[in-house]
Protein chains: 2
Amino acid sequence: MKPKPKTKLKDVAKATGFSENTVSLALRGSPRLPESTRDLILRVAEELNYFPNHIARSLANNATRTIGLVLTDIMNPTLTLAARTIERELTKAGYGMMFAASDTSVESEKRALLRFQSYQVDGILVYPAHHRKFDHIVAVAEAGTPVLLLAELRGSGLDTVAIDDMAGAYKVACHLLGLGHRRIAMLDGGFMSGNDDKRRGIRQAIRQAGLPTDTLIVHNAKGTSATQGYRVMPAVMADPNKPTALVASTDALATGALRWCGENGISVPGQMAIAGYDNTEVSEFSVLPLTTVNYAADEISRIGVARILHRLENKEARLPAETQLIEPELIVRATT
Amino acid sequence: MKPKPKTKLKDVAKATGFSENTVSLALRGSPRLPESTRDLILRVAEELNYFPNHIARSLANNATRTIGLVLTDIMNPTLTLAARTIERELTKAGYGMMFAASDTSVESEKRALLRFQSYQVDGILVYPAHHRKFDHIVAVAEAGTPVLLLAELRGSGLDTVAIDDMAGAYKVACHLLGLGHRRIAMLDGGFMSGNDDKRRGIRQAIRQAGLPTDTLIVHNAKGTSATQGYRVMPAVMADPNKPTALVASTDALATGALRWCGENGISVPGQMAIAGYDNTEVSEFSVLPLTTVNYAADEISRIGVARILHRLENKEARLPAETQLIEPELIVRATT
DNA sequence: TTGAAAGCGCTAACAC
DNA sequence: GTGTTAGCGCTTTCAA
């Protein structure tokens, strides 16, 4: 079994007697060719099992029809859903997708962006690693590669389609306060910008209910994983004035906290209400007694893809950057 | 803000007074250049903010340093983990990754493979969509693009690194039989080849324990999602001789079944033992009372990436295809 | 030690 | 309607 020579435009040209140019036009369905020649060429190309070399085409066109996606961590179900939706939408639109994970490290985010630039992707979708260090992302956009953020980065001036975290947190807080909770702990992963907004949303609900500021206590979980949610719980419950409700900045943190409660004889949601962020689609069959804010990752992904593709089509028009925030829904899980 | 001209090799050449060729060599750290010139060139390139056009390089080299990954469904936690691990390993090795989902459709799998071929990826990792329809995958390999399967496809003759499903199922079955279960239902998603092996493994355990064949009843869940696991349960429990243990061919199916049991007053694992497939890393903090077979997606991914890269380096050597099966571990969840 | 020239496979501008 | 020519940005002989 040999390396096998791939059929090239030239081969099809020779086989049909037409020039490379004509073949190229035929394959791309140019209207200025008579049907007869086009059909002939297509048939021969088919027979020779020809398919275009996308790399060569990209070089000639100065466009790869490829979009890069940089996520922090694909194991986060929200981002998994985002990745899936983005891939689907891009495929539908005839685009390819390159994927890279930053693992919430600004350094690897930087490397991923550089790699994508080098690969000449037509555009980049970024779920950013850090809420204040984003100069390198801005630099990519300024260098001419369209960039779209999937989480808000205040002051970046970059195109954005994201969840309105403040509104979401406000909703959860209202819900919890409505249930009579008077001491709410927030488990803050401590990474993304959204957490500021989440705090702000909770505080707003508290103020609005006329309750004291210290109704909210914030704990830094130093991470967003279940493990870290589990580990921070002793500190949370060491407070003599223990909270009766928890708002976790990620769903994984909430799961860890839930496990800790289970192991320590605290019934959920009986003695402790736990709220996190999630996606309807992901959690439809969850059996966990968590209240969640629907992160709507699929929605922002769909809109985000549409936006960046739209920008590519109007590349020269240089549309101004725009921020679009989606207000999340609350899902109160029926299980107890 | 203008489209901004990117710095090219030619620009660096002009700026330094050297030829494009010399610059190219310097940037790739050729030893046959004196340090002085190399340093000068590197400095100027840095100043001009030069970075190579990977597309042009790929065309010249006839190699893209890009690997394609085709998964059925990235929402499956096992495959999410696989995607993450594969991305990590590839990045480490200086490769880029393109990603596509087949959604368990042979047609879109075919399209994804074609796209990848067109994009000239150096190799393709496939988690196949169907256990019998794989001619199109073989065709890709025969056309000269190295292909590696992440699930066994009997008779394909393709390079494979996968989980030994039969061994895994055998282990679960032994475990359940050891607990005294005498009626085991298998929830079969009905898609992948592995399911035959899973059935075979369970039967082997049953035979070995000297129990009658009908200890195992197979139910087709017509899908692998939680929803489908939930929906198939009434049929499973309609049997007058109800099973006391369930082996689900995917973890999501198990979750759906678990939910059904919860809603129908059947305690798990008290009145019903449920086993599924999963990954240690994914389920470390799960609170669900499931027994799982560790699918070790990260392990097969790591090995798989190493294998395909190794093949790329020895492209001309044409190493023979090889199948490597990893025996999975059993994880009996402590929670009740 | 460095440079000139050709070529990777395709597209595009302009002839004919 | 179709062919010719040049060129995308880089690498790679082969000379000097």
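Reckoned from all heavy atoms, side chains included, excluding hydrogens, waters and symmetry mates. All chains are named by letter (A, B, ...) in the order of the sequence lines, taking the proteins before the strands, and each is independently numbered beginning at 1.
The shortest heavy-atom contact between Thr22(A) and Leu33(A) is O-CD2, 3.7 Å.
The CG-C1' distance, from Asn53(A) to dT11(C), rounds to 13 Å in whole Å. Straight-line distance from the CG atom of Leu40(A) to the C1' atom of dT2(D): 14 Å, rounded to whole Å. Leu25(A) has its CG atom 9 Å from the C1' atom of dT2(D), to the nearest Å. Atom P of nucleotide dG3(C) and atom NZ of Lys14(B) are separated by 15 Å, given to the nearest angstrom. Atom C1' of nucleotide dG7(D) and atom CD of Glu20(A) are separated by 13 Å, given to the nearest angstrom. Between the C1' atom of dC10(D) and the CG atom of Asp11(B) lies a distance of 13 Å, rounded to the nearest Å. Ile55(B) has its CD1 atom 14 Å from the P atom of dT11(C), to the nearest Å. Atom CZ in Arg32(B) sits about 11 Å away from atom C1' in dT11(D), given to the nearest Å.
Within 4.0 Å of Ser58(B), counting heavy atoms only, lies no atom of the nucleic acid at all.
Distances from the side chain of Pro34(B) to the nucleotides dG9(D), dT2(C), dT11(D) place dT2(C) closest. Proximity note for Arg28(A) (side chain, C-beta onward) versus dT2(D), dT12(D), dA12(C): the nearest is dA12(C). For Ser19(A), taking side-chain heavy atoms from C-beta onward, the closest of the listed nucleotides dT11(C), dT2(C), dT4(D) is dT4(D). When distances are taken from the side chain of Arg57(A) to each of dA12(C), dT11(D), dC10(C), the shortest belongs to dC10(C). Among dC10(D), dA12(C), dC8(C), the nucleotide with an atom closest to any side-chain atom of Leu59(B) is dC8(C). The side chain of Thr22(B) lies closest to dG3(C), out of dT4(D), dT12(D), dG3(C).
Judged purely by distance below 3.5 Å, without hydrogens or angles, the side chains of His136(B) and Glu109(B) pair a donor atom with an acceptor atom.
Remark: the Asn62(A) side chain and the dT11(C) base include no donor-acceptor N/O pair separated by less than 3.5 Å. A donor and an acceptor atom sit less than 3.5 Å apart, one in the side chain of Asn21(A) and one in the base of dT4(D).
Look at Arg88(A) and Asp103(B) and you find a salt bridge, because one of the NZ, NE, NH1 or NH2 atoms lies within 4.0 Å of a carboxylate O, short of that distance. Under 4.0 Å is where a charged nitrogen must lie from a carboxylate oxygen, and between Lys6(A) and Asp11(A) no such pair does.
Between Arg57(B) and Arg65(B) the shortest side-chain heavy-atom distance does not fall below 4.5 Å. By the 4.5 Å heavy-atom criterion applied to side chains, Thr72(B) and Asn76(B) are not counted as neighbours.
Between Tyr50(A) and dC10(C), a side-chain N or O to OP1/OP2 separation shorter than 4.0 Å is present. Between Ser24(A) and dT11(C), a side-chain N or O to OP1/OP2 separation shorter than 4.0 Å is present. The phosphate of dT2(D) (OP1 or OP2) has a side-chain N or O of Thr37(A) nearer than 4.0 angstrom.
Taking the nucleotide of DNA chain C with the nearest heavy atom to each of Lys8(A) and Gly17(B), the more 5' of the two is matched to Gly17(B).
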